[in-house]
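This report refers to the structure that appears directly beneath it.
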2 protein chains.
Amino acid sequence: MSTQLDMAFAALADPTRRAILAMLLEDDMAVTDVAEPFDMSLAAISKHLTILTKAKLITQEKRGRVKWCKIDPSALREASVWMQGFGQFEPVNLDAFERFLEQELHPDAP
Amino acid sequence: MSTQLDMAFAALADPTRRAILAMLLEDDMAVTDVAEPFDMSLAAISKHLTILTKAKLITQEKRGRVKWCKIDPSALREASVWMQGFGQFEPVNLDAFERFLEQELHPDAP
DNA sequence: ACCATCGTCAACCATTTGGTTGAATATGGC
DNA sequence: GCCATATTCAACCAAATGGTTGACGATGGT
């Protein structure tokens with residue numbers, strides 16, 4: 001039972017996957033094009049993209065024979081909300097964070 | 001060669017470690033007290049705390065025979081800066097993020 | 001119809017991860 | 001000095017991770 005947050009942070013822990021996200025931030029890309037700059041097999045990149053997709057950090061849509069990858073900020077938003085409670089940078093979204101923290105501490109509460 | 005960012009995200013990927021951080025957010029704690037609510041050996045918690053320490057998410061200071069654990073937001077700040085570039089929540093610290101992204105894309109540039 | 005291209009699947013491998021247990025090492029109290 | 005408490009160490013284990021290779025299914029171009 002791995003939560004969305006587990007998957008998001010685990011996905012972000014790998015430098016290859018962060019680099020992929022950085023590339024996709026500039027533009028949507030096909031799998032082959034994502035793989036091109038890396039010194040790694042296409043299959044390996046395909047696995048990384050699957051991990052990013054399951055973590056909801058990207059979405060993939062097949063059009064014709066090419067599969068387009070694009071950033072999906074939904075899980076990142078969740079993770080960022082979780083983090084911002086610790087940082088004391090800017091007190092943004094603190095209400096959402098507190099609800100989230102409360103749920104993490106007491107998962108059985110309503 | 002694992003970067004600080006790798007370690008921070010990897011540390012955050014584990015729900016036990018996130019729960020520990022949430023506990024430490026309320027107050028500094030000794031290792032034994034951190035371990036108490038978990039259904040897990042003390043040695044396991046000790047390992048988790050080592051991981052959090054190496055990731056610079058907490059600091060540990062031994063006073064007498066008890067080792068006190070406290071939140072250290074430094075690595076979280078770095079990770080949060082990295083993330084905020086993707087989320088488009090609030091445009092905070094975007095300059096820092098762009099420098100960071102640039103370095104991740106082109107590590108050899110000055 | 002054929003062939004090249006796009007991407008995944010399956011099997012395998014080495015390493016890391018998250019946990020266990022039991023012994024070992026401080027340190028503090030009496 | 002002795003005992004309890006606090007924490008880590010070491011050896012081990014199962015499962016997950018990140019990579020490889022080669023075969024395979026789909027799709028598009030000619």
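Just the heavy atoms: all of them, side chains too, but no hydrogens, waters or symmetry mates, feed the values below. Worth saying up front: this structure is predicted, and the values here are computed from it rather than measured.
In terms of phosphate contacts, H48(A) brings a side-chain nitrogen or oxygen within less than 4.0 Å of OP1 or OP2 of dG19(D). Within the 4.0 Å cut-off from OP1 or OP2 of dT8(C), at least one side-chain nitrogen or oxygen of K67(A) is found. Between S46(A) and dG7(C) there is no side-chain polar atom (N or O) within less than 4.0 angstrom of OP1 or OP2.
Using a 4.0 Å heavy-atom distance criterion, R63(B) is classed as making no nucleic acid contact. Nucleic acid contact class of S41(A) (heavy atoms, under 4.0 Å, all strands): base. If you check every strand for non-hydrogen atoms under 4.0 Å, A30(B) touches sugar and phosphate atoms only. Across all strands shown, A43(A) has heavy atoms under 4.0 Å from base atoms, whether or not it also approaches the sugar-phosphate.
In this structure, the side chain of R18(B) engages the main chain of L12(B) through a donor-acceptor pair within 3.5 Å.
Counting to the nearest Å, the P atom of dA16(D) and the NZ atom of K47(A) are 14 Å from each other. When the P atom of dA16(D) is taken as reference, atom CE of M7(A) falls 14 Å away, rounded to whole Å. Counting to the nearest Å, the C1' atom of dG7(C) and the CE atom of M40(A) are 17 Å from each other.
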- [ ] Any chance you could lay out the side-chain contact (heavy atoms from CB on, under 4.5 Å) test for V31(B) and C69(B), step after step, and finish with the verdict?
- [x] CA-CA 7 Å; V31(B) 174; C69(B) 309; 4.0 Å; yes
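When every heavy atom of I58(B) is checked against every heavy atom of Q60(B), the shortest pair comes out as CD1-CG, 4.2 Å.
Remark on DNA chain D: of its neighbouring residues W68(B) and I51(A), the 5'-side contact belongs to W68(B), judged by nearest-heavy-atom nucleotide.
Considering only heavy atoms from C-beta on, D14(A) stays 4.5 Å or farther from D6(B) through its side chain.
The base of dG7(C) lies outside donor-acceptor range of the side chain of K62(A), with no N or O pair under 3.5 Å.
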